[in-house]
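Okay, so here's the structure we're looking at.
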Amino acid sequence: SYDADFSGTRTMTATIVDSVLYEGEDSITLSGLSGNDSSTDFDLSYSTDNDDYIFSWSGASGGGTVTVQLQGSGQTVCTGTGSSGECTSEIQLSSGDIVYATRNSRTSNEVEID
């Protein structure tokens, strides 16, 4: 059984080595949580104010910082606290960028920038 606890994709590689008979390697791509996945742990949305992107979340219970991240690079977009809250993007975002938020081991839905 496999339950994703991340957004986006990850690559898993297995290497088998038998020094006498066989050596091989294979990789697969694992899909994480997506915006349509009901198993996300809390909700993320965004709005715009002039050129600023404001990210809002709700249901992010537990302690720690909420970190909004850019899918692929994992670059931090902005951070905040609280089970419900918001933060303003600290980096330049472009149409088509996909972001998600994490808090401890919990992950939000993904949102695509229009």
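Quick caveat: nothing in here was measured; it's all calculated off a predicted structure.
Annotation: ring pair (Phe, Tyr, Trp, His ring centres under 6.0 Å) contacts of Phe42 (sequence neighbours excluded): none. Every residue meeting the side-chain contact (heavy atoms from CB on, under 4.5 Å) condition with Ser83, not counting sequence neighbours, appears here in chain and number order: Arg103. Listed by chain and number, the residues in a side-chain contact (heavy atoms from CB on, under 4.5 Å) with Ser73 are Leu70, Gln75 (sequence neighbours excluded). Every residue two or more places apart in sequence or in another chain that forms a side-chain hydrogen bond (donor to acceptor under 3.5 Å, both in side chains) with Thr15 is listed here: Glu25.
Ile113 is connected to Val68 through a chain of hydrophobic side-chain contacts under 4.5 Å among Ile, Leu, Val, Met, Phe, Trp and Tyr, so both are in one cluster. Under the 4.5 Å side-chain heavy-atom criterion for ILVMFWY residues, a single connected hydrophobic cluster contains both Leu93 and Tyr46.
Considering all non-hydrogen atoms of both residues, Tyr100 and Thr107 come closest at CD1-CG2, 4.1 Å. In plain terms, the two heavy atoms of Val99 and Leu44 that are nearest each other are O-CD2, 4.2 Å.
Under a 3.5 Å cut-off, the side chain of Asp41 and the backbone N or O of Ser108 do not form any donor-acceptor pair.
In this structure, the side chains of Asn109 and Asp43 come closer than 4.5 Å at one or more pairs of heavy atoms. A 4.5 Å side-chain heavy-atom check between Thr102 and Gln69 finds at least one atom pair inside the cut-off.
More than 12 heavy atoms of other residues, nucleotides or ligands shown are found within 6.0 angstrom of CG on Asp18.
Going from atom CG of Asn104 over to atom OG1 of Thr67 covers 9.5 Å, rounded to the nearest 0.5 Å.
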Without placing hydrogens or testing angles, list every side-chain donor-acceptor pair under 3.5 Å for residues 54-62, not counting sequence neighbours.
unit_1, atom_1, unit_2, atom_2, d
Trp57, NE1, Gly82, O, 2.9
Ser61, OG, Arg106, NH1, 3.1

Residues 85-92, side-chain donor-acceptor partners within the protein, below 3.5 Å, at least two apart:
unit_1, atom_1, unit_2, atom_2, d
Ser89, OG, Ile91, N, 3.3
Ser89, OG, Ile91, O, 2.7

